[in-house]
Amino acid sequence: MPWKLIEVKGSISIEGIEETLLGGQSFCWRSCGENTWTGVISRSVVDLKWCDGKLYWCKQYGAPITKKKLTQYLWLDNSYLKAVDDLPWRSDVVLGRAIKQFRGLRLLRQPIEEVLMVFLLSSAKSIPQINQLRINIHRLIGEDLGGGNHAFPGWNKLSQLSEQDARKLGMGYRAKYLVGTAQFLKDRLGWLNEVKESPYEEAKIRLMELPGVGPKVADCVLLFGGGKTEAFPIDTWILQSLEKQYGFKGWKVSQLQEFAHIHFGRHAGLAQQFLFSFQRKNKRF
DNA sequence: AACCAGGATAGCA
DNA sequence: TGCTATCCTGGT
């Protein structure tokens, strides 16, 4: 299948696209050559290619996907530019630098049920480790899409796993999170979507009813899968950024949350991605 | 050979 | 509310 050009509003750098796909908000993408990546979107396996500042795509396996859906998933429309412009980059030099270095870095619009699963497994794990756990699950019970790619199995299938099964896949103490959440969700198919439609504050509280979901994981799920761009997950990288770049040493998480809300505004989560990437790339600072 | 990692939870003050 | 130990596993 030939490469097709996909329109991107605004410029996009190689670091921007790479961080978007591999930076840890999603675990569905992998590098498959020079400036090319393979990823699974729902039941479609898609290749992306970055060349001379332009983005190309083609479908590899699985269900068909439209350009419209891809544009939506990758947040390529104008609303992204407005969101970035809404951030306080004019007065915040730290954020300004991060936006410049990772130009075009986006939040992916992923299915909330998939995001929930991977972030249930994320506690005290590195990105490659989380990805490995995800692959173990997908290979075991996810639909085979071809080319070694598997779809997300869905919470109904996940609810058939026992804690022992999950532990065999290497999840350790996270196994009971996965099983507990699966049991909670299996008889309430609409629950997650209801939560998604709720306002941010309410959605966060409700998500934390699930076993294994605390404040950080809830914010990740809402930011990456719930379309809540005001969610501002505070992990160790952001903590470092706020301590070292902004000078908030010894602040409590609740205080930092409040600062983020006031300072970064309604798209605080987008700022979070820039700061996160910047901090991770420049560990020494 | 200890110690830590993209956290959550229970127990206690 | 704030603090701490504990939870699996793999990596350094």
Side-chain angles (χ1 to χ4, degrees), chain A residues 18-30 98 102 105 107-108 110 114-137 140 161-185 195 203-226 228 231-245 248-258 260 268-285:
Chain A
E18 191 149 56
E19 269 298 299
T20 301
L21 300 176
L22 307 179
Q25 59 171 299
S26 165
F27 299 87
C28 301
W29 294 88
R30 62 176 191 275
F102 296 97
L105 168 63
L107 293 162
L108 297 173
Q110 304 174 74
E114 296 187 32
V115 177
L116 174 60
M117 186 189 82
V118 290
F119 281 93
L120 271 179
L121 306 175
S122 70
S123 112
K125 286 283 181 196
S126 65
I127 292 175
Q129 290 174 324
I130 299 166
N131 197 23
Q132 189 57 54
L133 293 178
R134 183 192 68 87
I135 290 171
N136 292 347
I137 297 173
L140 186 66
L161 288 179
S162 69
E163 184 176 333
Q164 200 176 20
D165 295 332
R167 280 178 183 269
K168 276 185 205 156
L169 297 177
M171 296 177 200
Y173 64 86
R174 302 156 199 82
K176 61 179 181 296
Y177 298 163
L178 185 78
V179 172
T181 292
Q183 291 308 310
F184 181 100
L185 291 177
V195 166
K204 182 171 177 179
I205 290 169
R206 295 188 69 181
L207 269 182
M208 288 194 290
E209 293 172 30
L210 299 172
V213 180
K216 190 269 180 183
V217 169
D219 275 334
C220 286
V221 172
L222 290 173
L223 182 60
F224 304 138
K228 308 291 189 213
F232 191 87
I234 296 185
D235 56 39
T236 57
W237 292 106
I238 288 300
L239 214 50
Q240 272 192 43
S241 176
L242 292 173
E243 283 179 355
K244 295 179 183 173
Q245 317 286 344
F248 298 140
K249 227 170 167 48
W251 284 45
K252 288 178 289 186
V253 173
S254 57
Q255 295 175 306
L256 295 172
Q257 287 282 0
E258 192 180 347
L270 183 56
Q272 194 266 10
Q273 279 303 284
F274 283 109
L275 296 179
F276 174 89
S277 300
F278 189 83
Q279 193 62 35
R280 217 161 58 97
K281 211 80 156 196
N282 307 294
K283 292 184 179 66
R284 58 185 186 280
F285 295 128

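First the proteins, then the strands, lettered A, B, ... as listed; each starts at 1.
- Residue contacts shown for A:Gly180 are absent, as no nucleic acid heavy atom lies under 4.0 Å away.
- More than 12 heavy-atom neighbours from other residues, nucleotides or ligands sit within 6.0 angstrom of CD on A:Glu163.
- A:Asn131 places no side-chain N or O within donor-acceptor distance of the main-chain N or O of A:Pro128, the cut-off being under 3.5 Å.
- Contact annotation: the side chain of A:Pro215 never approaches that of A:Gln257 to less than 4.5 Å [non-hydrogen atoms, C-beta and beyond].
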task = Test side chain to side chain contact (heavy atoms under 4.5 Å, CB included) on A:Ile127 and A:Leu22 and set out the steps.
result = CA-CA 9 Å; A:Ile127 292 175; A:Leu22 307 179; over 6 Å; no

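- For C:dC7, the OP1/OP2 oxygens have no side-chain nitrogen or oxygen of A:Arg174 closer than 4.0 Å.
- For the pair A:Ile127 CD1 and C:dG11 P, the interatomic distance rounds to 16 Å; values are reported in whole Å.
- A:Gly24 comes within contact range of at least one nucleobase, with a heavy-atom separation under 4.0 Å.
- Distance check, rounded to the nearest 0.5 Å: CD of A:Gln240 to CZ of A:Arg280 gives 12.0 Å.
- Along DNA chain B, the nucleotide closest to A:Gly212 and the one closest to A:Pro233 are compared, and the more 5′ of them pairs with A:Pro233.
- Between A:Lys252 and C:dG2 there is a side-chain polar atom (N or O) within less than 4.0 angstrom of OP1 or OP2.
- A perpendicular orientation is assigned to the rings of A:Tyr177 and A:Tyr173, their planes being inclined by more than 60° (bins at 30° and 60°).
- Among the protein residues, A:Ile130 comes within range of no part of the nucleic acid, since none of its heavy atoms lies under 4.0 Å from any strand.
- To the nearest whole angstrom, the two P atoms, one in B:dC3 and one in C:dT6, are 14 Å apart.
- Taking both residues in full, the closest heavy atoms of A:Leu222 and A:Ala231 are given as CB-CB, 4.4 Å, listed atom of the first, atom of the second, then distance.
- Ring-to-base geometry places A:Tyr173 in a stacked arrangement with C:dC7 (centre distance under 5.5 Å, plane angle under 30°).
- Rounded to whole angstrom, the span from the CZ atom of A:Arg167 across to the P atom of C:dT9 amounts to 6 Å.
- On the nucleic acid side, DNA chain B contacts chain A at distances under 4.0 Å to non-hydrogen atoms, with the end points of that region at B:dA5 to B:dT9.
- Within 4.0 Å (heavy atoms only), A:Leu210 reaches sugar-phosphate atoms of the nucleic acid but no base atom.
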request  = Check the pair A:Gln273 / A:Glu19 against side chain to side chain donor-acceptor pair (under 3.5 Å), numbers first and verdict last.
outcome  = CA-CA 9 Å; A:Gln273 279 303 284; A:Glu19 269 298 299; over 6 Å; no

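- Of the P atoms belonging to C:dC3 and B:dG6, the separation is 23 Å, rounded to the nearest Å.
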key: Pairing string, 5' to 3', for DNA chain C - Watson-Crick or wobble contacts under 3.5 Å, brackets [ ] where pairs cross, | to another strand   = |||||||.||||

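- With P as the reference atom, C:dC8 and B:dA1 are 23 Å apart, rounded to whole Å.
- Residue A:Phe224 is the one, among A:Phe224 and A:Pro211, whose nearest nucleotide of DNA chain B lies closer to the 5' end (criterion: closest heavy atom).
- Here the P atom of nucleotide C:dT6 and the NZ atom of A:Lys176 are 14 Å apart, to the nearest Å.
- Between A:Leu161 and A:Leu140 there is a side-chain heavy-atom pair separated by less than 4.5 Å.
- Within the 4.5 Å cutoff, the side chain of A:Leu178 has heavy atoms near those of the A:Met117 side chain.
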